[in-house]
Amino acid sequence: MWGTAAWAAGILALLVLLPPAARKGFGEQLATHWNASGEPNGSQPLWAVVLVPAAIWIVLVAVAVFWRAARRWRGAVLVSCGVLLAGVQVSIVRANLSHTDWHDADPVTVGAVVTVVAAVAAGLVGVLMSGRRASSAARGQGPRMDIPAGERRVWLASTGNRWLYLLAAVIGVGASAAPLIGFGGPAAPMWLLTVPLLFASVSVLACSSVSVRVTERGMDVAFGPLGWPVRRWDAADIEWARAENRTPAQVGGWGYRLSGLGTTVMLRSGACLVVRAKGKDFAVSVDDAERGAALLNSLAGARTEQH
């Protein structure tokens, strides 16, 4: 709790004190918005540059601390949003230094990219530090599938999310159209816009569908329409499996999510196949999860009995 308080106070102090401390370096108005070419096209007075991010940060801290449903996300939200707001504030002040007219402010493209990457990385660290829910299930326990001697069983399931398909297509079209329409002018560093959009489009597409296969060797989860990349769990590493109902609100949205529940590939609300391997939980939303969990428990139990 004291760590959260210190982090919240430190970020608030930076947001409030940094612009006045650099007051002699710029005029009454500060550039606060830039176009794709890196040219400033919006401004705010100094008091707004101080109060707006400070107010946003205070609301975020209050929600993370007092809203019971958000407590699971407290670490990730406060760390990532704190880094994001602090990075934006530093970038704005730095861009306006030595410019009495906000129209002459420096670009913030590099600072914006660095800030976003740092915020995402900080959020991932916050998720990993938030801890995982303990489970009392022992290895191989839970519903099992009867497998007659000499026979083999294979379980297959797949799920897709059409909205993620559509989102990937829209982002891809935006990445392709930006250079064609001359967004930002011919001299603009278009790769700074096109490359992140293409990366986002491919990432969303890869998380738009999954195909799960359980065999005697373990479990494979293939992502996207091309079935790549693939995550594999050996049957010897799986401690237990079960079916569990989860929602996007519980795991932080759709797609590949990291939360206090572990890793979840969330494509629709409802039953998920949850496995624990090497002490880490992984869940994927697929139909007929009960049957897949039963087969995995049988395979894990058989491996235990053999040893």
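Bear in mind the structure is a predicted one, so any value in this text is a computation, not a measurement. Along the sequence shown, the residues carry numbers beginning at 1. Atoms considered below: every heavy atom in the structure, side chains included; atoms not considered: hydrogens, waters and symmetry mates.
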For this session: For Ser201 and Leu198, indicate whether the former's side chain and the latter's backbone hold a donor-acceptor pair under 3.5 Å.
Result: no
Exercise. Is it the case that one hydrophobic cluster holds both Leu30 and Leu97, taking links as side-chain heavy atoms less than 4.5 Å apart, direct or via other members?
Worked result: yes
For this session: Establish whether Val204 and Val202 are linked, either directly or via other cluster members, by ILVMFWY side-chain heavy-atom contacts under 4.5 Å.
Result: no
Problem set entry | Under 3.5 Å: donor-acceptor pair, side chain of Asn96, backbone of Ala31 | yes
For this session: Only counting residues at least two apart or in another chain, list the ones meeting side-chain contact (heavy atoms from CB on, under 4.5 Å) with Asp104.
Result: His99, Asp101
Exercise. Looking just at side-chain N and O atoms, do Thr159 and Arg268 make a donor-acceptor pair shorter than 3.5 Å?
Worked result: no
Problem set entry | Atom pair CG/CD of Leu17 and Gln89 - distance to nearest 0.5 Å | 10.5 Å
Exercise. Mind checking whether Trp240 and Val275 have side chains closer than 4.5 Å, heavy atoms only?
Worked result: no
Problem set entry | Close side-chain approach of Arg257 to Val265, heavy-atom, < 4.5 Å | no
Problem set entry | Heavy-atom side-chain proximity of Thr115 to Val90 below 4.5 angstrom | no
Pair up each side-chain donor or acceptor in residues 76-83 with any protein partner under 3.5 Å, not counting sequence neighbours, and list the distances.
from  : atom 1 : to    : atom 2 : distance (Å)
Ser80 : OG     : Ala76 : O      : 2.7
Ser80 : OG     : Val77 : O      : 3.4

Exercise. How far apart are the closest heavy atoms of Pro53 and Leu15, and which atoms are they?
Worked result: O-CD1, 3.7 Å
For this session: For residues Thr32 and Gln44, report the shortest heavy-atom separation together with the two atoms involved.
Result: OG1-CG, 3.6 Å
Problem set entry | Check against side chain to side chain contact (heavy atoms under 4.5 Å, CB included), Asp281 and Leu261 | CA-CA 7 Å; Asp281 292 355; Leu261 295 175; over 6 Å; no
For this session: Taking side-chain hydrogen bond (donor to acceptor under 3.5 Å, both in side chains) as the test, write out the residues that go with Asn245, two or more places apart.
Result: none
For this session: Give a yes or no on whether Trp34 atom CH2 has more than 12 heavy-atom contacts from other residues, nucleotides or ligands under 6.0 Å away.
Result: yes
Seminar exercise, completed: Glu28 meets the salt bridge (Lys or Arg N to Asp or Glu O under 4.0 Å) criterion, sequence neighbours left out, with Arg23
Exercise. Hey, is CZ on Arg153 packed in by over 12 heavy atoms from elsewhere, all under 6.0 Å?
Worked result: yes
Exercise. By side-chain hydrogen bond (donor to acceptor under 3.5 Å, both in side chains), which residues pair with Arg231, not counting sequence neighbours?
Worked result: Tyr256
Seminar exercise, completed: Residue set satisfying side-chain contact (heavy atoms from CB on, under 4.5 Å) with Ala54, at least two apart, ordered chain then number -> Leu12, Val16
Problem set entry | Closest contact, heavy atoms only, Ala86 versus Ile11 | CB-CD1, 4.2 Å
Exercise. Under the ring pair (Phe, Tyr, Trp, His ring centres under 6.0 Å) rule, what pairs show up with a residue in residues 197-218, not counting sequence neighbours?
Worked result: none
Problem set entry | Cluster overlap Trp7 with Ile58, hydrophobic side-chain contacts below 4.5 Å | yes
For this session: Could you identify which residues cluster with Leu226, counting Ile, Leu, Val, Met, Phe, Trp and Tyr as linked when any side-chain heavy atoms lie under 4.5 Å apart, either directly or through a chain of such contacts?
Result: none
For this session: Sequence neighbours left out, what passes side-chain contact (heavy atoms from CB on, under 4.5 Å) with Ala157? Give chain and number order.
Result: Trp155, Val286
Problem set entry | Donor-acceptor contact present, side-chain Glu151 to main-chain Pro148, <3.5 Å | no
For this session: Taking all heavy atoms of Gly292 and all of Leu273, pick out the closest pair and write down the distance.
Result: C-CD1, 4.1 Å
Exercise. Taking atom CG of Asn35 and atom CG of Asn41, what is their separation to the nearest 0.5 Å?
Worked result: 5.0 Å
For this session: Using the rule that two of Ile, Leu, Val, Met, Phe, Trp, Tyr join whenever any of their side-chain heavy atoms come within less than 4.5 Å, decide whether Leu205 and Phe223 are in one cluster.
Result: no
In a table with atom names and distances, give each donor-acceptor pair under 3.5 Å that connects a side chain of residues 161-173 to protein atoms at least two apart or in another chain.
from   : atom 1 : to     : atom 2 : distance (Å)
Asn161 : OD1    : Trp163 : N      : 2.9
Asn161 : OD1    : Leu164 : N      : 3.1
Asn161 : ND2    : Leu267 : O      : 2.8
Tyr165 : OH     : Ser209 : OG     : 3.2

For this session: Quick one: pull up OG in Ser285 and CH2 in Trp254 and give me the separation to the nearest 0.5 Å.
Result: 11.0 Å
Problem set entry | Minimum heavy-atom distance Val154-Arg213, with the two atoms named | CG1-CG, 4.3 Å
For this session: State, yes or no, whether a side-chain contact exists between Ser211 and Val221 at a heavy-atom distance under 4.5 Å.
Result: no
Exercise. Under a 4.5 Å side-chain heavy-atom rule over Ile, Leu, Val, Met, Phe, Trp and Tyr, are Val52 and Val50 clustered together?
Worked result: yes
Seminar exercise, completed: Here the gap from Asn297 atom CG to Arg144 atom CZ, rounded to the nearest 0.5 Å, amounts to 7.0 Å
For this session: Hey, could you give me each pair passing ring pair (Phe, Tyr, Trp, His ring centres under 6.0 Å) that has a residue in residues 275-295? Not counting sequence neighbours.
Result: Trp233-Phe282
Problem set entry | Distance, nearest 0.5 Å, that separates OG1 of Thr215 from CG of Leu295 | 8.5 Å
For this session: Find the distance between CZ (Arg217) and CG (Leu299) and round it off to the nearest 0.5 Å.
Result: 12.0 Å
For this session: Kindly write out the residues that satisfy salt bridge (Lys or Arg N to Asp or Glu O under 4.0 Å) with Arg232, not counting sequence neighbours, or none if the list is empty.
Result: Asp220
Exercise. So, for Arg246 and Val274, which heavy atoms are closest and what is the spacing to 0.1 Å?
Worked result: NH2-CG1, 3.9 Å
For this session: Taking the side chain as every heavy atom from C-beta outward, state whether Cys272 and Met266 have any pair of such atoms under 4.5 Å apart.
Result: yes
